[in-house]
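The structure under discussion appears below in the form of structure tokens.
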Amino acid sequence: MSDSVPDISHDQHAVRRQKLAELRAAGFDPFRANVATTHFSQDAKALYVDGQDYVTVVTVAGRLITFRVQGGSSFVKIQDQQGPIQLYFRKDVLGEERYTVFKKQLDLGDIIGVTGPLFKTKTGEITIRVDSFTLVSKALRPLPEKWHGLSDAEQVYRQRYLDLIVNQESRHRLMTRARIVSAVRRFLEDRQFLEVETPVLQAVAGGAAARPFQTHHNALNTDFVLRISLELYLKRMLVAGYDRVFEIGRNFRNEGVSRRHNPEFTMLEVYQAYSDYRGMMTLVQDLMRHLVRDVVKPTETEGEGETAVTRPSMRIKHAASGEFIDFENGWREVRYKDLIIEKTGDAQWFSRSKEEKIAGVQKLGLFADAKWEDFELTNEIFGKLIEPTLIQPTFVTHLPKELCPLAKITADDPTTIDVFELIIGGMEIAPAYSEQNDPDVQRQMFEAQAGEEQQKVDQDFLLALEHGMPPAGGMGIGIDRLCILLTGAESIRDVILFPQLRNTAG
RNA sequence: GGGUCGAUAGCUCAACGGUAGAGCAGCAUCCUUUUAAGUUGUUGGUUCCGGGUUCGAAUCCCGGUCGACCCA
């Protein structure tokens with residue numbers, strides 16, 4: 001290099017582009033190369049038989065995540081979907097020329113394929129001795145720091161791929177989410193539930209009370225909303241004669257963004273004909289235990305040092321309270337009214353006047369709006385003071401009928417509905433109903449709605465009900481919240497690959 | 001929408017009104033079983049953006065952008 005060439009050694013992007021140019025000048029374009037892998041990293045390691053060094057030959061590929069050159073030999077690690085595997089490069093194996101290419105033209109972050117036999121190093125790590133390697137993708141940008149990883153929250157979310165490359169915890173958490181969704185599918189399919197897909201673009205945003213996103217279809221010249229719930233179309237499928245159906249799908253709510261809310265989120269809804277909310281109780285309990293036992297697989301360690309014993313557990317630590325949630329024995333069932341009476345200390349709470357309720361809410365230190373309906377005042381107590389304290393799995397039953405127009409009225413109490421709200425870790429995880437299938441009562445309940453809980457009336461849905469819907473139990477589970485709970489995450493953003501952020505694209 | 005906090009090298013962080021630094025990464029060097037490898041040397045800055053105060057601003061003040069947390 002002449003003196004006139006500028007020093008680019010500080011600019012990692014420029015240095016890497018130069019290495020790429022050098023590779024191409026030598027007749028090799030990494031972006032046109034590929035590798036025929038035989039195994040993923042951990043599957044390859046599992047092939048190693050103790051004492052049989054340099055016998056089993058594998059080809060694996062992945063991203064270079066550590067680089068330790070020591071003169072004529074080097075240890076590096078690559079990482080694939082299954083995790084890391086160590087590679088051992090030697091000058092006397094590869095030859096001077098290839099070893100120099102390895103040393104001088106590969107960088108952390110590059111994606112390579114290698115072929116060679118497995119062996120165990122003197123520190124006991126199963127390693128591939130590299131007989132040949134191919135660079136299949138040059139990384140033109142440097143990886144975040146190897147030890148601290150990437151911790152800038154904004155970059156973690158906007159460039160999640162970097163977070164997933166360098167932060168083990170994120171890799172594991174989001175991998176667990178994928179496994180949870182997959183296990184939910186298998187669990188339901190094993191019980192003869194059919195997975196269906198229903199419209200995201202809807203004329204009426206029904207099935208819940210929330211502000212929808214609005215959009216427009218040009219060719220039909222019609223306004224649509226993005227769905228806020230899966231419910232009303234799945235019930236049409238019950239009318240259609242699909243007796244057990246479910247959908248795992250994205251809902252959209254045009255509301256605030258917080259630790260618990262993302263504008264788009266994933267819902268599971270399940271409907272089972274000839275069942276009811278009690279049947280859903282058993283189903284969700286079985287499902288949760290299955291997910292904890294077979295997907296999350298928590299363990300607990302007793303004792304310390306050499307006497308320590310680690311064994312499978314059914315308990316998961318709740319991030320916010322530090323309490324352990326027991327999915328085996330923690331389940332409890334309690335009526336909404338009893339919780340309110342206990343909290344207010346007023347056995348006559350539900351026959352108090354609105355003014356007395358406002359005073360009661362304020363006495364508990366909460367804000368009470370005079371515009372609120374009676375049930376909203378009561379529900380403020382539930383939402384603010386009771387729900388957050390229900391850490392162990394709790395079925396809250398017999399909710400006031402105003403809270404949901406889509407459920408059956410309790411036979412011996414016209415003020416409540418046959419539903420449960422499953423609360424775990426202080427979060428609403430799964431509501432379930434004995435679904436209302438009387439078209440006339442359904443219409444009346446829609447019309448009697450008041451306050452913030454009002455739902456839009458879907459006339460086409462009422463028409464479907466008039467054709468006859470079998471009695472059914474139905475349940476919804478917020479998949480994101482379920483993942484927060486099961487992975488011990490603190491925020492919904494930790495379990496969503498690309499959470500919604502303000503757009504900064506200029 | 002309101003309050004609090006934050007933004008400094010590619011990344012993780014210092015500097016708290018007086019010369020912008022460190023570790024990792026990069027570059028160069030030595031090193032054939034390492035585990036955040038080690039050795040010697042070294043490059044690198046629009047201190048988020050725009051104003052203001054001051055002899056002097058990463059630092060203080062005002063406005064904005066983006067983010068985190070709390071509240072609505």
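Letters A, B, ... mirror the listed sequences (proteins, then strands); counts begin at 1. Computation of the quantities below employed the complete heavy-atom set of this structure, encompassing side-chain atoms and omitting hydrogens, waters and symmetry-equivalent molecules.
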> Where the side chain of A/Trp147 is defined as all heavy atoms beyond and including C-beta, which of B/A37, B/A36, B/U33 is the nearest nucleotide?
Replying inline: B/A36

>> Taking the nucleotide of RNA chain B with the nearest heavy atom to each, does A/His148 or A/Lys104 sit closer to the 5' end?
In response: A/His148

>> Near RNA chain B, counting only heavy atoms under 4.0 Å, which residues of residues 47-66 of chain A show up?
In response: A/Tyr54

> Which class fits the ring pair A/Tyr88 and A/Phe119: parallel under 30°, tilted 30 to 60°, perpendicular over 60°?
Replying inline: tilted

>> Taking salt bridge (Lys or Arg N to Asp or Glu O under 4.0 Å) as the definition, give me every residue that meets it alongside A/Arg493, ordered by chain and number, with sequence neighbours left out.
In response: none

>> Taking any heavy-atom pair under 4.0 Å as a contact, classify A/Thr121: base, sugar-phosphate, or nothing.
In response: base

> Side chain of A/Asp7: nearest nucleotide among B/U43, B/C13, B/C11?
Replying inline: B/U43

> In residues 73-89 of chain A, which residues come under 4.0 Å of RNA chain B by heavy atom?
Replying inline: A/Ser73, A/Phe75, A/Lys77, A/Gln86, A/Tyr88

>> I'd like to compare against my own output: the B/S/- annotation of nucleotides 64-72 of chain B with a strict under-4.0 Å heavy-atom distance to protein.
In response: --SSSSS--

> For A/Lys19, which contact category applies under a 4.0 Å heavy-atom criterion: base, sugar-phosphate, or nothing?
Replying inline: sugar-phosphate

>> Test of understanding: with side chain to side chain donor-acceptor pair (under 3.5 Å), list the residues that count as partners of A/Arg98, not counting sequence neighbours.
In response: none

>> Over all strands shown, is A/Glu125 touching base, sugar-phosphate only, or nothing at heavy-atom distances under 4.0 angstrom?
In response: base

>> Looking at B/C11, I'd like to know if its phosphate oxygens (OP1 or OP2) sit under 4.0 Å from a side-chain N or O belonging to A/Lys146.
In response: no

> Are A/Arg68 and B/A37 close enough that a side-chain N or O sits under 4.0 Å from OP1 or OP2?
Replying inline: yes

> Within the structure shown, what part of the strands sits under 4.0 Å from A/Val69 by heavy-atom distance: base, sugar-phosphate, or nothing?
Replying inline: base

>> Both atom distances under 3.5 Å, Watson-Crick or G-U wobble: I'd like the secondary structure of RNA chain B as a dot-bracket string, with | for pairs made across strands.
In response: (((((((..((((....[..)))).(((.(.......).))).....(((((..]....)))))))))))).

